[in-house]
Amino acid sequence: MPKNKLIYLDHASTTPVRDEVLQAMRPFFSLHYGNPASLHTEGRIAQKALTDSRKKISDITGSQPDAIIFTSSGTESDNLAIFGATGALRDRGRHIISVGIEHHAVIEPLKQLETQGWSVTYISPDKTGLIDPEKIFSAITPQTVLITVMYANNEVGTILPIAEIGKRLLQYRKARNSELPYFHTDACQAAGYLDLSVEKLHVDLMTLNSGKIYGPKGVGMLYVRRGVKIQAQQFGGGQERGLRAGTENIPGIVGFAAALELAQKEKIKETARLTKLTDYFWKQLKKLVPEASLNGPLVGEDRLPNNLSITFPGMNGEQLLIYLDNEGVMCSTASACAAISDEPSHVLCALQISAQDIRSTLRFSLGRSTTKQDIDYTIQAIRKIKKLLPSR
Ligand SMILES: *Cc1c(COP(=O)(O)O)cnc(C)c1O
């Protein structure tokens, strides 16, 4: 094994910026540095870059340019969707429906609202992270103003039935002649692999970010369907239709649009390639560690093509991660966010995995650069570590 080889299998945390994206961004740091609000030449160049990027993203999502609100991250977009919608609808009802496996960027705003008199129903998923849309519809009350369900899960890769929920919700609202409840989806993990057409998904609000799709970190957007009322959460110069004040991050936005365009163009081919690789990885691993179990749906089913969440019973996940890192293989424990707070992953808890097994779980998330050789190397590394690592 080459000693200095580094294998990055943590693409669900973040991805490297790809060359084409960096090239697209480069002129907007020190060559064209204008503020799009300025009337002079540099301002107009920046304004055009902003308009072109917005148009690219609205074409990809099948929406209108004025429906795209640029933000600083997926987290900000989720916050804007949840606080924005509930702020605008507070007099119409105080109930929200969500799912127990959402990202912290959704869970934490919901927790805040719960301290302010809102009630939240968390639908429990099945053992693979899937939800029965029926459960959502039976949870709706006349007080329900918002439903927020992620498109694909970041820990176990489950793809949730957003289009199906959206379609049924449309009928539900039509029958009651109401525009409520609004439907929001966090699509951060989906953008590299799944269809983002808001008309097919029937969503009112959709969160995307750039750092998960080979674009720069610190850029995101919220799709806000025309006619959907949300309250701004940040005030100032009135940028982004007054919904998100602050000078736009032009290089970041240009990079985000370029990254999203490439990701969506390549998604079918990349899905096929990565499904084959994850399938190979899992089969090889299962031969080496027969007691290992895969969390979430089977490879090739309702699962992101790049995700493998694996429990190694009896092994300490954190120790395994460090040994793997020593061998040049980078992966993650149950969730990077949960690792900071030292709590067991709420996602794996919701999938009814025991606290002990959660501590024995690693997430491998593959990406554009991952090859079969990388997987073979990783399997060899696990073989080596298995001999060294004491059972817990
Ligand atoms: C990464 C991620 C976020 C947060 O995005 P940031 O841009 O890092 O703030 C939100 N939701 C999901 C599903 C994610 O994977």
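Residues take their numbers from the sequence shown, with the count starting at 1. Both ligands and their constituent atoms are indexed starting at 1 by order of listing.
Not one N or O of Ala105 is nearer than 3.5 Å to an N or O of ligand 1, by distance alone. The shortest N or O to N or O distance between Asn209 and ligand 1 is below 3.5 Å. Considering both main-chain and side-chain atoms, Gln189 comes within under 3.5 Å of ligand 1 through a nitrogen or oxygen pair.
At a threshold of 4.0 Å, the pair Lys56-Asp52 does not count as salt-bridged, since none of the basic side-chain nitrogens sits closer than that to a carboxylate oxygen.
Among all protein heavy atoms, the one lying closest to atom 4 (C) of ligand 1 is Thr75 OG1, 3.6 Å.
Under the salt bridge (charged side-chain N to carboxylate O under 4.0 Å, His left out) criterion, Lys200 pairs with Asp195, not counting sequence neighbours.
Tyr172 carries Arg176 over the face of its six-membered ring, with the cationic atom under 6.0 Å from the centre and within 45° of the normal. For the pair Arg244 and Phe70, the NZ or CZ position fails the cation-pi test of under 6.0 Å to the six-membered ring centre and within 45 degrees of the ring normal.
Within the structure, ring pair (Phe, Tyr, Trp, His ring centres under 6.0 Å) contacts touching residues 252-295 (residues at least two apart or in different chains) are Phe281-Phe364.
Below 4.0 Å from some heavy atom of Lys212 lie the following atoms of ligand 1, by number and element: 1 (C), 2 (C), 3 (C), 14 (C), 15 (O). Counting the atoms of ligand 1 from 1 in the order shown, those under 4.0 Å from a heavy atom of Asp186 are 10 (C), 11 (N), 12 (C), 13 (C).
With a heavy-atom cut-off of 4.0 Å, Cys188 touches ligand 1 through its side chain alone.
A donor-acceptor pair under 3.5 Å links the side-chain atoms of Tyr214 to the main chain of Arg368, judged by distance alone.
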